Amino acid sequence: MNAKQYIAARAAKELKNGDIVNLGIGIPTLVADYIPSDVHVFLHSENGILGVGPSPDPEHIDPNLVNAGKLPVTVLEGSSFFDSASSFAMIRGGHVSVSILGVLQIDAMGRIANWAVPGKNVLGVGGAMDLLEGSKRIIVTTLHTSNQGVSKIVKELTYPITSERKVDVIITDLAVFTVKEDGLHLLELSPGVSLEEVQQKTDAPFRVAESFKNGKEVMAQWL
Amino acid sequence: MNAKQYIAARAAKELKNGDIVNLGIGIPTLVADYIPSDVHVFLHSENGILGVGPSPDPEHIDPNLVNAGKLPVTVLEGSSFFDSASSFAMIRGGHVSVSILGVLQIDAMGRIANWAVPGKNVLGVGGAMDLLEGSKRIIVTTLHTSNQGVSKIVKELTYPITSERKVDVIITDLAVFTVKEDGLHLLELSPGVSLEEVQQKTDAPFRVAESFKNGKEVMAQWL
Amino acid sequence: MFGSVFYISQMLHPQKSKRGKGKKMSKLITCEEAVKKVTSGSRIMVGGFGLVGSPLSLIAALAQSEVKDLEIISNNLGEPGRGLGVLVRQKQVKKAIGSYFTSNPEVVKAFQDKELEVELLPQGTMSEAIRAGGAGLGGFYTPVSVGTKMAENKEERTLNGKKYVFQEPLKANFALIKAKKADRLGNLIYNQSARNFNPMMATAADVVIAEVDEMVEVGEISSEEIVTPHLYVDFIVVKGGN
Amino acid sequence: MFGSVFYISQMLHPQKSKRGKGKKMSKLITCEEAVKKVTSGSRIMVGGFGLVGSPLSLIAALAQSEVKDLEIISNNLGEPGRGLGVLVRQKQVKKAIGSYFTSNPEVVKAFQDKELEVELLPQGTMSEAIRAGGAGLGGFYTPVSVGTKMAENKEERTLNGKKYVFQEPLKANFALIKAKKADRLGNLIYNQSARNFNPMMATAADVVIAEVDEMVEVGEISSEEIVTPHLYVDFIVVKGGN
């Protein structure tokens, strides 16, 4: 299991029976593979599907059936199709239980940047702002640092903000944080990761939650 | 043919092939019976039907199929059902070609009152304002005077106004008016009606249209 | 493997969860159970255009209950002694928001006797306000009612040369709606002109209870014909069911 | 008698009118005829999420035509040399309004070269603005994009303690949409996720041209399953049809 797969598996543990779940592109897409077999969720795709199923075999691809990443999908029994206005009415109206999103940066208050890069022309926003604004719960999945080792959890965003709304949970390869009124609270270390390593690789200040679990305790949960 | 039937028949002559038509309660409902056999229109009902058909025989009444007057109807081939928000989106968005409405009063500028009576509690408005605001064309059908002989076409409304929007055509048992920037223009007299009678029974000032037709000329058109 | 993104046979025969998270997902309850969820003082949307598309079994159960001081959002208030008219007669309704109450003379009388508050909206403004409530909007501008009594206490604004009035969204604690069929997940289809306000109301309340003529298996309503996706429906009662 | 409120056999075999008003009501035309209606400088809504649900035959016909200076409202601008990407490559597009253009590098280049103006909207705001355009609204308040670059030139307003931004409706001269089936009246149904922006665009343009995979007789699409009622559709072309 690589770092991204670990993040996806950990995020999957956040899902509850009956949740309506929207998965972003990247690590979030992997989450579908790790949902526990006794937890039944419904995948929403903002281009107008409730009840997305697994990817089709190459010979069963239907060009009229894609997810929000424009990749071919299938649908499960009980699924429904609707237009984009209805789909975003669902999202904005708070009818999606959980969105799992990728990010470029997270600030000390739990606000994120995930749609544009400074200095580049802004020619795409898609549904990022809608999902972040409207979903009941937001889980962010990301590698803790960039390829260059730069922390993605920063004091202040240097990338354009996606929404003033704070996310609820941040899951990285190194740690899990919850976001409260006063900022980030470290909830868990990943197995084999020390508090010092997380402190060193996290630019933003954070508190250690009362219910904090170290890597060993987290490992025990996986077994 | 009584006065109301005459008005309905005259209003029906205003309809064109392909028109999407909403018929109000009262005289407007009668219009359906007089649409020329070579003019094909589609009846819209604001409770969510496009393609209303004739009233059913008593033994074929379906309790789930009523028009905006809550009377049992049928639907024709090619009809569709939609929710109230979609139905009023159609109306407000200008997708209904013609609404034929009853009125309580019409003023000298062609504005109407048709939803409330002064001094009474206002406990109902329904779709009157939506239809008047949104329909591309508004035809008003009414008896020229009340049972007490009081003109329904008045200098100024004493009943609460339904919309600032002026109607397009006024059809009474005595005459037909069109509404222009500068007010009412008398277009036709009904067979057997004199200009003097209309002048006497119309409180609001009006002009005589250039294309004015007297009762004899109108009679010829019916034959 | 694709995790267990909803797989139908599992849901219909829920297994005991290894981690205690599993719960039976059936939304089917009785009218009695449904009505027990409603507390006095609640704001309730009730579907229907007159009695057509109105959840009559749920309303009958409400009439059997002790709940009162209700704020009802519905196009009409039934007829004397029928549909919502029963709740009016039993003085269970404190306030009504809708478009046309004149058809029930008992509503007119209750209003005159100051037993019932009334807030009137043009029918299109009302249906759009409910949609806006369900769609998470802060309000909208409609040209309907500009310059009339209905706009007296509303903000007027000129946009691109045309006058509009501002309308706030409508939301509620409960929505009692009527559909033709539900599948076991809660996907709904309606019956002809009985659709009316029901699909919007399904989106705009904290708890949505759908009364249906018939409950069918998942898959019997096709993905393309579903009007209300199941995520909007919390509970289902079968018409006349106890 | 019920007058001749639309009676299907009459429409399919239109009679000569006694009063000269009768006209053949068929909406079926060729792609070539459809595109001839579009003039340079027009504002055109084009359905589709990427290429899915995009009216590719109509776009191909546009690419064969001389029209230019188009203002396109569409979620994306196709891919390089595919769908709307062809119109971009041929410099027929002056301005694009949509939510995600990054997937076509030629759009990025045209923007950098100042050959193409771009107006970006969050996807939900865009789809809602199109719906508002078709529904005759003056605009609406959405919480989406508050405090971001996307809201920089927009009115912000606090309503019931929450911040919103104002969004104007979107309308167009033409809508080119894609559906699965049309009946001869113009009633439409769509194909799975190819529905996307098409139903809203059908409501928000002066002239609506629907490209369909198949044309069927009236009655073959049931009244309950129709997604776009025929009053929204002016012309129909059959995919690949000339």
Side-chain angles (χ1 to χ4, degrees), chain B residues 25 45-52 62-75 79-94 111-118 120-134 157 159-165, chain C residues 47-53 75-77 79 96 98-104 107-108 111-112 116 118 120-132 134-135 142-151 163 178 180 190-203 213 227-228:
Chain B
I25 296 168
S45 186
E46 61 263 37
N47 55 323
I49 314 172
L50 179 64
V52 177
D62 183 329
N64 289 305
L65 189 49
V66 301
N67 65 13
K70 299 190 180 104
L71 297 172
V73 291
T74 55
V75 286
S79 63
S80 50
F81 299 111
F82 29 83
D83 65 46
S84 303
S86 302
S87 186
F88 282 93
M90 277 178 196
I91 294 169
R92 210 175 33 231
R111 293 172 302 196
I112 68 166
N114 76 342
W115 70 286
V117 173
K120 284 209 177 176
N121 294 314
V122 175
L123 293 177
V125 56
M129 291 182 175
D130 303 87
L131 285 163
L132 188 47
E133 167 60 40
L157 300 177
Y159 285 49
I161 196 168
T162 309
S163 169
E164 292 182 349
R165 187 252 172 96
Chain C
F49 183 79
L51 299 173
V52 179
N75 193 56
N76 319 94
L77 280 174
E79 297 173 10
S99 96
Y100 202 79
F101 299 132
T102 330
S103 41
N104 183 347
V107 172
V108 179
F111 177 79
Q112 282 166 341
L116 180 68
V118 165
L120 212 60
L121 291 168
Q123 199 172 141
T125 303
M126 177 190 167
S127 53
E128 189 69 19
I130 297 168
R131 184 190 173 279
T142 172
V144 174
S145 88
V146 167
T148 73
K149 263 187 198 296
M150 289 284 99
K163 288 189 278 186
K178 176 69 172 55
K180 182 180 181 182
Y190 300 90
N191 193 339
Q192 304 173 95
S193 68
R195 189 182 303 197
N196 56 64
F197 291 86
N198 290 297
M200 286 94 68
M201 289 180 172
T203 71
D213 292 336
V227 176
T228 295

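Below, read A as the first sequence line, B as the second, and so on, with proteins coming before strands; counting in each chain starts at 1. Computed from a prediction, not measured in an experiment: that's the story for all the values here.
Listed for the C:Ser193 side chain is a donor-acceptor partner under 3.5 Å among the backbone atoms of B:Val66. Side-chain atoms of C:Asn196 never come within 3.5 Å of backbone atoms of B:Asp83 as a donor-acceptor pair (strictly under, hydrogens ignored). Not one N or O on the side chain of C:Thr148 forms a donor-acceptor pair closer than 3.5 Å with the backbone of B:Ser163.
Between C:Met150 atom CE and B:Trp115 atom CH2 the span is 3.5 Å, to the nearest 0.5 Å.
Proximity to chain B (any heavy atom under 4.5 Å) is shown, for C:Val146, by both the backbone and the side chain. Interface remark: B:Ile49 contributes side-chain atoms only to the contact with chain C (heavy atom separation under 4.5 Å). Contact annotation for C:Lys163: only side-chain heavy atoms (C-beta onward) come within less than 4.5 Å of a heavy atom of chain B. The contact between C:Phe197 and chain B is made by backbone and side chain atoms together, counting heavy-atom distances below 4.5 Å. C:Leu51 does not touch chain B: none of its heavy atoms, backbone or side chain, sits under 4.5 Å away. Of the atoms belonging to C:Asn76, it is side-chain heavy atoms, and not backbone ones, that fall under 4.5 Å from chain B. For C:Pro143, the parts lying near chain B are the backbone and the side chain together; criterion is any non-hydrogen pair under 4.5 Å.
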Q: Check step by step if side chain to side chain donor-acceptor pair (under 3.5 Å) holds for B:Asp62 and C:Gln192.
A: CA-CA 10 Å; B:Asp62 183 329; C:Gln192 304 173 95; 2.8 Å; yes

Q: Applying side-chain contact (heavy atoms from CB on, under 4.5 Å), run through B:Arg92 and C:Val144 and close with a yes or a no.
A: CA-CA 8 Å; B:Arg92 210 175 33 231; C:Val144 174; 3.8 Å; yes

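Among B:Val75, B:Ile91, B:Leu65, the residue making the largest number of heavy-atom pairs under 4.5 Å with chain C is B:Leu65. Contact count versus chain C (heavy atoms, under 4.5 Å) is highest, among B:Ala68, B:Ser87, B:Ser79, B:Ser80, for B:Ala68. Contact count against chain C (heavy-atom pairs under 4.5 Å) is highest for B:Glu133 among B:Glu46, B:Lys120, B:Glu133. Here B:Asn64 is the residue among B:Thr162, B:Asn64, B:Val125 with the most heavy-atom pairs under 4.5 Å with chain C.
Within 6.0 Å of NZ in C:Lys149 there are 12 or fewer heavy atoms belonging to other residues, nucleotides or ligands.
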